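Take a look at this one; I'll ask things after.
We count ligands from 1, going down the list as the structure has it; atoms in each ligand are counted the same way. Since the model is a prediction, treat every value here as computed from it, not as a measurement.
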Amino acid sequence: MSRFSGISRLAMGVGMTCLALSAAQANTMQTQSPSVEKESFGQLPDGRKVEAYHLRNGHGIDMKVITYGGIITSLRTPDAEGEWADVVLGFDNLADYRSEAYRQSNPYFGALIGRYGNRIAEGRFTLDGTTHELATNDGANHLHGGERGFDKRLWTAAPFENDSEVGVELTYVSEDGEEGYPGRLETHVTYTLTADDEVIIDYHATTDKATPVNLTQHSYFNLAGEGSGSIVDHRMMLNADAFTPVDDTLIPTGELRDVADTPFDFREATPIGARIGADNTQLAYGQGYDHNFVLMRDATAEDELVLAARVEAPDSGRVLEIATSEPGVQFYSGNFLDGTLIGKQGKAYEKRSGFALETQHFPDSPNQAAFPSTILEPGETYQSRTVWRFSTQTPTP
Ligand code: GLA
């Protein structure tokens with residue numbers, strides 16, 4: 001039996017701490033009707049139009065999502081003083097997401113990742129006796145769904161709004177054999193912006209043949225504002241007592257390693273940069289952090305929301321909490337950004353100018369029998385939820 005049967009209904013907001021003021025509370029001046037507006041975001045070479053959905057909640061938090069790749073192109077939140085900034089890396093035009101420089105660097109800014117977030121060793125797995133060959137687009141390995149994953153596909157969109165929430169449901173049908181994967185996978189991802197300053201990401205998928213599925217969202221955050229420099233001063237708590245060490249091609253060895261006494265121990269909030277330069281083989285392989293952390297669930301049932309991470313930007317006081325129904329989170333400290341891409345404000349995205357926390361099943365699970373299964377069977381529904389909650393606290397210079 002795979003993990004997808006008998007999934008419990010996921011409660012919103014479970015596991016979030018209430019230590020910080022919500023961004024809304026910090027901005028009681030800001031009240032307006034939540035709204036969702038459709039805008040044009042250009043067109044693809046084959047003429048298909050790309051739309052942007054502009055979501056706003058009652059406190060003024062606003063987020064733009066485009067139908068190309070389901071990419072979140074901007075997300076503006078207030079800091080502790082009520083100053084607003086866009087806290088995700090990205091671009092304000094389609095061409096920059098499709099440029100040669102972007103393809104070369106392939107950072108997956110803000111995109112939905114599928115069918116399989118993270119790596120599959122040598123682009124190969126065997127399922128029910130059949131070996132499937134996938135693109136090897138990351139050295140010898142398969143990464144983030146292949147040459148043209150869900151991040152480079154056009155999704156259809158259905159916006160919605162009610163008294164307290166606005167959102168957009170995106171749909172993409174991945175045909176049998178696409179990028180080498182078996183089965184026709186119908187995927188729905190819903191972004192909801194709530195009155196509590198949360199972005200809820202709900203993933204659903206069904207298939208007609210057994211196939212691996214591991215969907216995630218690849219936003220890069222900089223809580224001081226995108227383009228404002230390095231994130232190594234951000235203090236981060238990760239609710240993980242183990243991580244999955246990797247080989248030099250970033251494929252897990254299969255071990256779950258205790259984080260105690262290693263630079264991977266973020267159980268207490270610690271600046272991202274405090275140990276990033278340590279003499280450590282795992283950090284050398286990732287050129288920094290690029291590792292899957294195993295979330296602690298204690299009494300929280302598998303598939304229910306658990307707090308995964310809490311990140312604070314010291315000067316602005318912005319706080320991001322992430323809760324998820326997934327068993328793991330890939331913490332990537334933006335090590336491969338190299339200043340060649342120029343962001344929305346015209347500033348170069350240098351190394352470590354953003355971080356990603358990709359909630360997920362563990363990398364290479366199709367080849368790791370001891371990891372939680374990522375195989376979706378016909379008749380089952382893949383369900384996964386991740387919640388980002390934005391708030392502020394007193395800045396700590
Ligand atoms: C993930 C991977 C990284 C890198 C980024 C995108 O985080 O684990 O190695 O590929 O995506 O550059």
**Q.** For atom 2 (C) of ligand 1, the protein heavy atom that lies nearest, with its residue and separation
**A.** D290 OD1, 3.6 Å

Q: Name the closest protein heavy atom to atom 12 (O) of ligand 1, giving the residue it belongs to and the distance to 0.1 Å.
A: N106 O, 3.5 Å

Q.
With a heavy-atom distance limit of 4.0 Å, tell me whether Y220 approaches ligand 1 through its side chain, its backbone, both, or neither.
A. side chain

Q | Polar side chain donor-acceptor pair, Y68 to R153, under 3.5 angstrom | A | no

Q: Check F266, F243, F355 against Y289 for a ring-ring contact (aromatic ring centres under 6.0 Å, His included) and give me the one that passes.
A: F266

**Q.** Test salt bridge (charged side-chain N to carboxylate O under 4.0 Å, His left out) applied to R119 and D138, D247, D364, the passing residue
**A.** D138

Q: Report yes or no: do Q360 and N292 form a side-chain donor-acceptor pair below 3.5 Å?
A: yes

Q. Can you tell me which residue and heavy atom of the protein come closest to atom 7 (O) of ligand 1, and the distance to 0.1 Å?
A. E358 OE2, 2.8 Å

Q: Number the atoms of ligand 1 from 1 as they appear, then name those within less than 4.0 Å of a heavy atom of Y108, with their elements.
A: 6 (C)

(Q) Ignoring hydrogens and geometry beyond distance, is a side-chain donor-acceptor pair present between R115 and N214 at under 3.5 Å? (A) no

Q | Under 3.5 Å: N/O of H218 near N/O of ligand 1 | A | yes

Q.
Given H144, R119, Q330, identify the one with the heavy atom nearest to atom 1 (C) of ligand 1.
A. H144

Q: Check R76, K347, K344, R318 against D86 for a salt bridge (charged side-chain N to carboxylate O under 4.0 Å, His left out) and give me the one that passes.
A: K344

Q | Nearest neighbour in protein (non-hydrogen) for atom 10 (O) of ligand 1 | A | L143 CD2, 3.4 Å

